[in-house]
Amino acid sequence: MTVAPHQPDSAQSTNPLSDPKFESKFNWRNCWYPVCFRQDFPKDRPYSFSLYDEPFVLFQHQEELICLTDRCPHRAAKLSDGQMIDGKLECLYHGWQFGHQGKCLHIPQLSADGTIPVNAGVRSHKVVERQGMIWIWPGAAELADEQTIPTIPKLNQPGFVHSDKLTELPCDISYVIEHMLDPAHIHITHQGNQGDRAKAQPLEMEIIESSVQGFRGRFRDTTTPNSTWRNLDFLAPSLAHLNFPIPEKGWFFGQAFYFFPLGKGRCRILTRSYRNFATQPVKLMPRWWIHLRQNKIIAEDLAQLVGQQNEVERLGQPVKQIYSPLPTCDTFAMEYRKWLDRVGASLPYYRGYLTSKGMENKPENQFNKMSVKPSFWHTEICGSCNRAYQVTQRVEKWGVGVAIVWAALAILSDDSGMEMGAVLLAVAAVIVAVFANKLKHRFEAYSKFH
């Protein structure tokens, strides 16, 4: 492979795509997957999730993170429905308790002279924390190399700030990754938000190197002479990384989209935006407020994603027969679909450019059941937005209650001065309650139960 003419902010300097040893067959299990941001992980209860529809559960014992298959070996109940007892995970069905490496530590129904059966343990999985993210390795633990976790080097450099956001979408992961590798949609889909349709144009796009581990690419505008190259890389299986310098000002901007395939028709995105300019807003603005603004962008994307997915899956034909890609628009998205052709045999399911597996179109197919205007899940799984949502609920109730009290005092008061003050305070409380109500509904719009 050729050496790149630019020097991108590589997300894994110890695992270059051109290393020949990574040209071996791809194995989806022997990869690192980002589950969530540490700040969104609850310390006092089990955390349930799935990977390609396989159930897992995370919990914390003191400072140790433990990841187990989410299935009790006794009667196959979900361990994530249980509770934490002195750092051990207890199954809610019969009270079996599990600890480090899935070892069964207590069975209430066991006789005093009985011993815990050798098959009472739960399979454990390698789990680590890197750069504020929790990662799991679902494959062979002896093959897990922590140096290959795709971290972002610039995050550790002075002067850089970043913001993180966790979102779940009712879409198959391949459509979401394809979308995030498509810079051309921004000026149309996000007109008036991130985009300006007057700036929509053909892009100069290049694939610099490609392998079973992903690809590296770059693109730039064609209407501006000598415009700056922007780098867009896909590091299999979990990262699309946009990053570029702004040389004339010494600035640098990056967005890392980490993907997690929960199951067919469901995925999770961990978005990390970072930069070394305009840092004060990121430092001072509450995380939940940043998320509310970003949710508008995701909502615009989702409307397109679900419509696209429903139609492609309804047709059930190879993407090559359905799409009409342009080299000045779709180069990276199609390179990703071709990567799926390359490694798809090892995946539980996929739809590549020419081939597919496990995505057969059927009348009962879940893709066809999706709402025309789907919502997505964010508020429940984001620690910051969940707390803010609960505060808005309390403030709304408090505002209504206070308004009633002051309105009653105004009615009962014989003092005109006090009456006017009570009326003003009642009005102020109503305004607070109304604002809290509107904010509450904004959180609910991005809720699982919306």
Decide whether [X] and [Y] meet the rule of one side-chain donor and one side-chain acceptor closer than 3.5 Å.
X: S80; Y: D70; answer: yes
X: E444; Y: H441; answer: yes
X: N295; Y: H378; answer: no
X: H291; Y: T167; answer: no
X: D86; Y: H61; answer: no
X: T189; Y: E300; answer: no
X: Q255; Y: S273; answer: yes
X: Q157; Y: Y274; answer: no
X: Y446; Y: Q294; answer: no

Starting from the C-alpha separation in whole Å, work towards a yes-or-no answer on side-chain hydrogen bond (donor to acceptor under 3.5 Å, both in side chains) for H190 and D301. CA-CA 8 Å; H190 305 301; D301 287 329; 2.8 Å; yes

Quick check for you: to the nearest 0.5 Å, what is the distance between [X] atom [atom1] and [Y] atom [atom2]?
X: F257; Y: H179; atom1: CZ; atom2: NE2; result: 8.5 Å
X: T331; Y: F215; atom1: OG1; atom2: CZ; result: 9.5 Å
X: C36; Y: L166; atom1: SG; atom2: CG; result: 6.5 Å
X: L262; Y: L51; atom1: CG; atom2: CG; result: 8.0 Å

If every non-hydrogen atom of [X] is compared with every non-hydrogen atom of [Y], which pair is closest and at what distance?
X: A184; Y: C329; answer: CB-SG, 3.5 Å
X: P245; Y: T228; answer: O-CG2, 3.4 Å
X: T328; Y: M205; answer: C-SD, 3.8 Å
X: V127; Y: L58; answer: CG2-CD2, 3.8 Å
X: K264; Y: Y349; answer: N-OH, 2.8 Å
X: P46; Y: F59; answer: CA-CB, 4.5 Å

State whether [X] and [Y] are salt-bridged, where the test is any N-O pair (Lys NZ or Arg NE/NH1/NH2 against Asp/Glu carboxylate O) under 4.0 Å.
X: R266; Y: D53; result: yes
X: E313; Y: R351; result: yes
X: D40; Y: R287; result: yes
X: R230; Y: D221; result: yes

Side chain of [X], backbone of [Y]: donor and acceptor closer than 3.5 Å?
X: Y258; Y: P150; answer: yes
X: H185; Y: D182; answer: yes
X: N276; Y: G159; answer: no
X: E206; Y: G217; answer: no
X: E335; Y: I207; answer: no
X: D233; Y: L242; answer: no
X: Y52; Y: P261; answer: no
X: E380; Y: S447; answer: no
X: K78; Y: L92; answer: no
X: Q60; Y: Q62; answer: yes

Would the number of heavy atoms belonging to other residues, nucleotides or ligands and lying under 6.0 Å from CH2 of W288 be above 12? yes

State whether the number of non-hydrogen atoms from other residues, nucleotides or ligands found under 6.0 Å of F277 atom CZ is greater than 12. yes

Heavy-atom distance under 4.5 Å between the side chains of [X] and [Y], does that happen here?
X: I177; Y: F234; answer: yes
X: I149; Y: V128; answer: yes
X: R293; Y: M285; answer: yes
X: L89; Y: M84; answer: yes
X: L409; Y: L425; answer: no
X: Y323; Y: Q308; answer: yes
X: S238; Y: P34; answer: yes
X: D172; Y: C267; answer: no

Walk me through whether Q390 and R387 qualify under side chain to side chain contact (heavy atoms under 4.5 Å, CB included). CA-CA 5 Å; Q390 294 176 26; R387 287 189 295 270; 5.7 Å; no

Run the side chain to side chain contact (heavy atoms under 4.5 Å, CB included) check on V176 and L169 step by step: do they pass? CA-CA 9 Å; V176 179; L169 300 175; 4.1 Å; yes

Show the numbers, then the answer: is there a ring-ring contact (aromatic ring centres under 6.0 Å, His included) between F244 and W229? CA-CA 7 Å; F244 56 90; W229 285 102; over 10 Å; no

Go through the steps for E54 and R71 under the test salt bridge (Lys or Arg N to Asp or Glu O under 4.0 Å), then give the verdict. CA-CA 10 Å; E54 291 188 18; R71 182 175 62 252; over 6 Å; no

Just do the side chain to side chain contact (heavy atoms under 4.5 Å, CB included) check on E168 and I381 with the steps written out, would you? CA-CA 9 Å; E168 289 187 7; I381 60 176; 3.6 Å; yes

Kindly determine whether I298 and F376 satisfy side chain to side chain contact (heavy atoms under 4.5 Å, CB included), including the steps that lead there. CA-CA 9 Å; I298 293 291; F376 57 89; 3.6 Å; yes

How are the rings of W96 and F98 set relative to one another: parallel (under 30°), tilted (30 to 60°) or perpendicular (over 60°)? tilted

Would you please classify the geometry between the H74 ring and the Y93 ring as parallel, tilted or perpendicular, with 30° and 60° separating the classes? tilted

Assess [X] against [Y]: is NZ or CZ under 6.0 Å from the centre of the six-membered ring, and within 45 degrees of the ring's axis?
X: R442; Y: W289; answer: yes
X: R337; Y: Y175; answer: yes
X: K440; Y: Y389; answer: no

For the rings on [X] and [Y], is their centre-to-centre separation under 6.0 Å?
X: H125; Y: F56; result: yes
X: Y47; Y: F41; result: yes
X: W32; Y: W137; result: yes
X: F49; Y: F260; result: yes

